[in-house]
Novice: 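Quick one: this structure, given as structure tokens, is what I'll be asking you about.
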Amino acid sequence: MAEAIATREAYGKALAEFGAKYDKLVVLDADLANATKTEIFKKAFPDRHFDCGIAEGNMMCVAAGLATAGFIPFASTFAMFAAGRAFEQVRNSIGYPHLNVKIGATHAGISVGEDGATHQCNEDIALMRTIPGMTIINPSDAVEARAAVEAAINYYGPVYLRFGRAAVPVMNDAATYKFELGRGILMAPGSDVTIIATGLMVEIALRARELLATDGVSARVINIHTIKPLDEEIVLAAATETGAIVTAEEATIIGGLGSAVSELLSEKRPTPVVRVGIEDLFGQSGPAKELLSVYGLTAENIAEKAKKALSMKKQ
Amino acid sequence: MEQAKIQELRRIATDIRIGIIEAVYNAGSGHPGGSLSIADILTHLYFVEMNIDPSNPNKEDRDRFVMSKGHTSPALYSVLAHRGYFPVEYLKTFRKTGSHLQGHPDMKGTPGVDMTTGSLGQGFSVACGMALASKLKGDTFRVYTVIGDGESQEGQIWEAAMFAPHYKLDNLTLVLDYNGLQIDGRTVDVMNPTPHDEKFLAFGWNVINIDAHDFCQIESAFAAARECKGRPTAIIAKSHKGYGVSYMLDQASWHGKAPNKEQYEQALTELKAYRASI
């Protein structure tokens, strides 16, 4: 069993690591440094960490102001408040002027667990996708999360980084892993169907691939860490070469990765797409693992939906 | 202040008011009332107070200005044009398709605009971020922002009002354009935000009350703000909406409406006559 680390933990450590290398990096928090793990940065660089109190709208705009003067601010809070409460500040004061602000959104998705529906942000990907010029990164594990932070620092423009609360298995090899903004990663080859997954669903998709293999189905698995801009090339190739697609994300199926893939394929290469994600529902309290199962974010459900996509291909 | 200097500033402010009327009339829409109320403050900022260079609008150590009440962009554009950031003629393109002069300020489209604003409450917070950036760089520039008294009904104003004294942003000066009117009527009737001065005092600000149309009071308020250490300054500037145009004076109905041809001509006649009398 691989080691399990929460991507928020990797995020906090990465900020502290890169704080030494990039002197323009500053971090803003809204009374959640302990939970977003930015406290690791705060300890290392107390003069470059600014708590804004429980005032997320103000925090996003303060970040915008810092960015106008050449700083690279990471504004951190839970996804619910970063993408939800402060949506309009992000849209008008960061997105519209295309300022170099990085939004470090932790506690995204249903895996927040026991805090329940008010804190389980399943809508953030959909919301952020609608902002012109916004880059969205949803890392699949701790190795990818660290690399994503450095890629965001080296890219000029607004970036929404999505991190999880729960510990997830580390699948990528830190020694060889390379992150390329906007490029999907072929995790495993396959010829009958392609599972396009993001975030913690990538590891679950790899398990679904094994289930499918026992039934004689060859499934390709692609990791889309950058949801916007979407790697069209890898998706179109998968559609052409396997003819059936399943998407998997720990977010609402409305407006997220599944939508992005469907929009692309319906216009450029019509192909059956079946979406796995949170259906049109709010979450509830419970342990993360149980909730993933209750809401269908499992290897079994992905395998079943892969078969459904396959059957659509044959019609 | 010397009388000659006051007269010069009055002439400039009147030219800026003429530019506001030209912009809004030619656009057929826009916000003349609150633009006219803030014209004297902007004249002082851009012609006396701020360290700026119109030939180098992005100069790193320049003082910053954020028009948090972004709908009064005609005042900002007119002062920028008259200060030499772009030709005064451009004011006639205001709000037209393809123009550099968007309905609300766009930092990417207009030289001299330091921040994109329009959604009320946000510019003030951005100004706080700029002031913090200046502190991190060793206090290399000062930051100025204008909010409306109606705008102070936004909750985010008070988030920023908490932030600035907490981080001791004494390089930040806020002007509250206290004209007492908003779209729906008198601010005290719509949702009473007063007393402004006592609120900012309670939040830890250095507070100065002035007449927004008196250049001597304006100058001494900004001078006092520069002298004040350890906390930001809020200048509560009692103004008149529509100042300079008789039929617009203190009328909420002129918040967001363009004059017709006859009204436009009357406004220009009045402003030009006043300018000649200075």
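These figures come from a predicted structure and were not determined experimentally. When reading the values below, keep in mind they use all heavy atoms of this one structure, side chains included, and skip hydrogens, waters and symmetry mates. Throughout, protein chains are lettered first and strands after them, A, B, ... in sequence-line order, and every chain is numbered starting at 1.
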Novice: Could you pull out every donor-acceptor pair under 3.5 Å between chain B and chain A?
Specialist:
residue, atom, partner, partner atom, Å
S119(B), OG, E88(A), OE1, 3.1
S119(B), OG, E88(A), OE2, 2.4
Q122(B), OE1, S93(A), OG, 2.6
Q122(B), NE2, E88(A), OE1, 3.4
Q122(B), NE2, E88(A), OE2, 3.1
S125(B), OG, N58(A), OD1, 2.6
K137(B), NZ, A69(A), O, 3.0
Q156(B), OE1, Q89(A), NE2, 2.7
Q156(B), NE2, G57(A), O, 3.4
E159(B), OE1, N58(A), N, 3.0
Y167(B), OH, D51(A), N, 2.9
Y167(B), OH, D51(A), O, 2.7

Novice: Considering only heavy atoms from C-beta outward, does the side chain of L66(A) approach that of L136(B) to under 4.5 Å?
Specialist: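 They are in side-chain contact.
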Novice: Can you tell me how far CE of M115(B) sits from SG of C61(A), rounded to the nearest 0.5 angstrom?
Specialist: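 These two atoms lie 7.0 Å from each other.
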Novice: Are more than 12 heavy atoms from other residues, nucleotides or ligands located less than 6.0 Å from atom CD1 of I54(A)?
Specialist: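 Not buried by this count: 12 neighbours or fewer within 6.0 Å.
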Novice: Which one, A63(A), G57(A), P73(A), A67(A), leads in non-hydrogen pairs under 4.5 Å with chain B?
Specialist: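 Between A63(A), G57(A), P73(A), A67(A), the count favours G57(A).
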Novice: Most heavy-atom pairs under 4.5 angstrom with chain A, which of L132(B), V66(B), I157(B)?
Specialist: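 Ranked by heavy-atom pairs under 4.5 Å with chain A, first place is L132(B).
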Novice: Filter on salt bridge (Lys or Arg N to Asp or Glu O under 4.0 Å), then keep only pairs touching residues 119-133 of chain B, sequence neighbours left out; what's left?
Specialist: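 Found none.
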Novice: Pick one of side chain, backbone, both or neither for F141(B), based on which atoms fall under 4.5 Å of a heavy atom in chain A.
Specialist: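 Side chain only.
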